[in-house]
Amino acid sequence: MEERVGSGHVFTSWFLEFVPAGNRGTWMVIFSFFWTIGTVLEASLAWAVLSALSWRWLLALTALPCFLLLPFFRITPESPRYLCAQNRMTDARLVLERIAIANQAALPLGVLTYHQETKTDYITHVSEDEHLIPVREKEHTVRNAIRSKSGAIAALRELLSHNLLRSTLLLWFVYYACSFAYYGIALLSSQLSDVNRSCKSGLIFEVHQNDGNLYKDTFITSLAEIPGLILSALLVDRFGRKATMWSLMFACCAFLGPLVLHQNELLTTTLLFGARACGTGTTTILCLYAPEVYPTSVRSTGVGIATAIGKIGGVICPLVAVGMLRNCHQMEAVLVFELVLFLAGVACILFPVETKGREMD
């Protein structure tokens, strides 16, 4: 349910703009831990509600936290980076002062400035005072006017510019692969045991799990995300984003590999548990890496487009995880997951920049 909240990627970008570069990875993992809590609680809620009430009650109870969240948006501060990019320096300083008061600290002395590479050939006459100010109101007025007219087209053009093209295309594929694998492993957890029994007996596969058992399986496999988060927290700030992502992806391939053949139920559950832990860790680091790659002006747009492309993988994966399995093609289904994850691991190696310890642009 929580993935249907369209503003999720915006919140991630906003959150990371407040975190210092040195421990951004650790805090992103802590942030993602609450995602896992939500997943486990949702599965627990469904397990309890569907057995006594209806799916309508499940939807109503699931939506309740969203309504409770609305009042907090009025007291949530805007990102100072965004405010600076919009030339709202006074508002940005007010936010920083509130943060300093909350942390019982003092802001450094000086004038708040925002440096951005811009072409200023169109400015022919600049006064001495205007020259001394790094952020020129005139520049931002012209730039913001251009952005407001071009909108999404300008943002997409910047994402596909020479400097960001390689990162953008690779991120699109890795987001697709992570979503494909995440949902696929979740579906395998609830379907594989039944498929094995049906295919071994030579019977046509029929869904005989009730909703209670389905959410029970989801609850159990969701617990695999906890060791995945712990593992990614230990690796991300020590070995970097790229190495952590590709190593976890290849580890996920290793866990799924034995499932090309029919295994007993205990071994199947263990392998899927490990695969989901690695998949969760990879997705968490990816959600950290993408906002670090993009500059403030296109950060939310870039991550949002990549997330949308990733959802395509979530839509397609049931055709493999369920469709092929029901036709007793377990080997082919698992090999597709192996191929997608392997190529995504290679794509992580090919990312042009490592963002460990790097300040956000």
Side-chain angles (χ1 to χ4, degrees), residues 3 169-210 213-218 220-222 224-225 228 245-283 286 306-350:
E3 289 200 327
L169 295 180
L170 289 173
L171 279 172
W172 285 357
F173 176 72
V174 176
Y175 261 91
Y176 174 92
C178 283
S179 183
F180 186 94
Y182 182 87
Y183 289 108
I185 293 171
L187 288 170
L188 286 174
S189 300
S190 61
Q191 300 285 337
L192 205 53
S193 296
D194 285 341
V195 169
N196 284 338
R197 285 192 294 267
S198 299
C199 292
K200 284 181 179 179
S201 62
L203 299 176
I204 299 175
F205 176 74
E206 296 180 359
V207 179
H208 59 268
Q209 279 189 311
N210 57 44
N213 287 335
L214 174 62
Y215 283 101
K216 178 182 176 181
D217 292 341
T218 304
I220 295 173
T221 54
S222 295
E225 298 188 6
M245 282 190 288
W246 64 253
S247 61
L248 288 177
M249 282 189 175
F250 292 150
C252 190
C253 286
F255 277 112
L256 290 177
L259 294 178
V260 296
L261 303 176
H262 296 291
Q263 308 294 340
N264 63 64
E265 188 169 350
L266 177 60
L267 181 57
T268 297
T269 302
T270 303
L271 291 171
L272 289 174
F273 190 94
R276 181 151 183 178
C278 294
T280 298
T282 303
T283 303
L286 180 63
T307 302
I309 292 175
K311 298 307 178 186
I312 298 175
V315 172
I316 293 177
C317 81
L319 301 177
V320 177
V322 178
M324 297 181 74
L325 285 175
R326 289 185 177 182
N327 291 317
C328 297
H329 297 307
Q330 178 175 327
M331 178 182 292
E332 291 82 354
V334 174
L335 287 177
V336 170
F337 284 106
E338 292 276 82
L339 177 62
V340 171
L341 285 168
F342 177 81
L343 293 177
V346 174
C348 291
I349 296 175
L350 297 177

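In what follows, every heavy atom counts, from backbone to side chain, and hydrogens, waters and symmetry copies are set aside.
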(request) Give, for atom OG1 of Thr282 and atom CZ of Phe250, the distance between the pair rounded to the nearest 0.5 Å. (result) 10.5 Å
(request) Classify the ring geometry between Tyr176 and Phe180 as parallel (under 30°), tilted (30 to 60°) or perpendicular (over 60°). (result) parallel
(message) Using 0.5 Å steps for rounding, measure from the CG atom of Leu335 to the CZ atom of Phe342.
(response) 13.5 Å
(message) I'd like to know if the side chain of Thr280 and the backbone of Glu225 have a donor-acceptor N/O pair within less than 3.5 Å.
(response) no
(message) Ignoring hydrogens, what is the shortest heavy-atom contact between Leu248 and Cys278? Give both atom names and the distance.
(response) O-CB, 3.5 Å
(request) To the nearest 0.5 angstrom, please state how far the CG atom of Leu343 sits from the SG atom of Cys348. (result) 11.0 Å
(request) First locate atom CD1 of Ile349, then atom CE of Met249, and finally report the distance between them rounded to the nearest 0.5 Å. (result) 10.5 Å
(request) Please examine the side chains of Leu171 and Leu286, heavy atoms only from C-beta on, and report whether any two atoms are closer than 4.5 Å. (result) yes
(message) Less than 4.5 Å apart, side chain to side chain, heavy atoms only: is that true for Leu272 and Leu259?
(response) yes
(message) Please give me the minimum heavy-atom distance between Gly314 and Ser179, naming the atom from each residue.
(response) N-OG, 3.3 Å
(message) Return the OH to CD1 distance between Tyr175 and Ile309, rounded to the nearest 0.5 Å.
(response) 11.0 Å
(message) Tell me if a side-chain donor or acceptor on Thr283 pairs with a main-chain N or O of Gly279 at a distance below 3.5 Å.
(response) yes
(message) I want to check something: taking the side chain as every heavy atom from C-beta on, are Ile185 and Cys252 in contact at a cut-off of under 4.5 Å?
(response) yes
(request) Step by step, work out the side-chain contact (heavy atoms from CB on, under 4.5 Å) result for Leu169 and Trp172. (result) CA-CA 5 Å; Leu169 295 180; Trp172 285 357; 3.9 Å; yes
(message) If I compare all heavy atoms of Leu350 with all of Leu170, which pair ends up nearest, and what's the gap?
(response) O-CD1, 3.5 Å
